[in-house]
Peer 1: 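Please find one structure pasted underneath; my questions will follow.
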Amino acid sequence: MNKKTVKDIDLKGKRVLMRVDFNVPMANGVVTDDKRIRAALPTIQYVLEQGASLIVMSHLGRPKGTGFESEFSLKPASEVLAKLLNKPVAIAQDCIGDEIERMAKSLKPGETLMLENVRFHKAEEKNDPEFAKKLASLGEVYVNDAFGSAHRAHASTEGVAKFLPAVSGFLMQQELEYLSKATINPERPYVAILGGAKISDKIAVIENLLSKCDTLIVGGGMANTFLAAKGYNMAESLVEQTAIETARKNKKKAGGKLLLPVDGVVGSKIDVQAQPKVVDADKIPVGGAMMDIGPKSIEKFSNVLKNAKLVVWNGPLGVFEDPRYSKVTFAIAKLLATSGATTVIGGGDSASAVKKAGVAKQISHVSTGGGASLEFLEGKILPGVAVLLNK
Ligand code: AMP
């Protein structure tokens, strides 16, 4: 995925309009986790150092789209950014309009203006071309560093790029670089691990990864449906009846490429406090539900993982929110952390698992976009990426 980046374009004296993901958690108007703001800092600092002025835009939460709502204001995020940059950051009252245009055009090199939440306008999510044009009129170059929103064709992520030279920021570049390893000329042996609740949410990912990888390991609730397709009685386990046929077809097509658990940690649906038991996957007792995969399965999976050159993982392998069923998810996180392979985590629950296990720094790449990384792994070209200039 060879897209131009901020390094491929002359920024000196330019007004740079940059889409970031400052959709940060807040409590009583205070940012409670500034990770996403910090993640955009390398690109922001680079742009400012090049002698450009900077106009930053983002969405935050789900406002009604009918104007300003203080609960969804980006003002607290702009204050955090100012602190991290150790420079003033002006906050606009809106993201379009004459006054905002005046503010943007009067910026001097090295100065930053943060626009208000682009979702205060319904036109943002509708990708209205007039709205996109007004956003574009604020800058001379467009930089997208919001990978987590790149699967959405909105005005600030896609529409705006039709009116300005559009390049990626460093965070976006890193996401594209690592996720492309999973879909274009992967290093081999390439092992993909998929977990999570349902097959139906990830069918396109299963099919695309099966066509690219050498081994696909399936765990979590998804594995239950594959095991049911094998004819096993899964008792009270989460099984998607409507997806059994799809599971059967994919299993047949995958042949030896697909690895399923051979045992599991089973809880009781009748007595939720009962101690879980380890049983073979074809011997789940009446009333039992497979909530995690078992030790024989970990061993089977570890044997494949230890030779891998590339591992891509999305989705927990058990009900990891409950400590009784989190063992395998954390064991896999630790295994990947010590493996010599390039390791890519596809956002969401698996990203939080590697963080909780304290091993995120030992993973080659932990994606910042759950939905966006899944669509990427499906083989889709994300709209916010498609509009960026090619190298
Ligand atoms: P997803 O959003 O599809 O990645 O699913 C994540 C959810 O799958 C988590 O909340 C897990 O608790 C759930 N999950 C993982 N394994 C199982 C399982 N064996 N049975 C039921 N739910 C599971």
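Indexing begins at 1, ligand by ligand and atom by atom, following the structure's order.
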Peer 1: Salt bridge check: are D10 and K12 linked by an N-O gap of less than 4.0 Å?
Peer 2: no
Peer 1: Quick test of your reading of the model: are E79 and K75 salt-bridged, counting only N-O distances below 4.0 Å?
Peer 2: yes
Peer 1: Going by the side-chain hydrogen bond (donor to acceptor under 3.5 Å, both in side chains) test, which pairs reach into residues 368-381, not counting sequence neighbours?
Peer 2: E175-T368, E378-K380
Peer 1: Could you note down all residue pairs passing ring pair (Phe, Tyr, Trp, His ring centres under 6.0 Å) where residues 166-207 supplies at least one of them, sequence neighbours left out?
Peer 2: Y46-F170, Y178-H365
Peer 1: Could you tell me whether K296 and D280 have a side-chain N and a carboxylate O separated by less than 4.0 Å?
Peer 2: yes
Peer 1: Compile the protein residues with any heavy atom at a distance under 4.0 Å from an atom of ligand 1; present them by chain, then by number.
Peer 2: G196, A197, K202, G220, G221, N224, L238, M290, M291, P316, G318, V319, E321, D349
Peer 1: Mind jotting down which residue pairs meet the ring pair (Phe, Tyr, Trp, His ring centres under 6.0 Å) criterion with at least one end in residues 300-350? Sequence neighbours excluded, please.
Peer 2: none
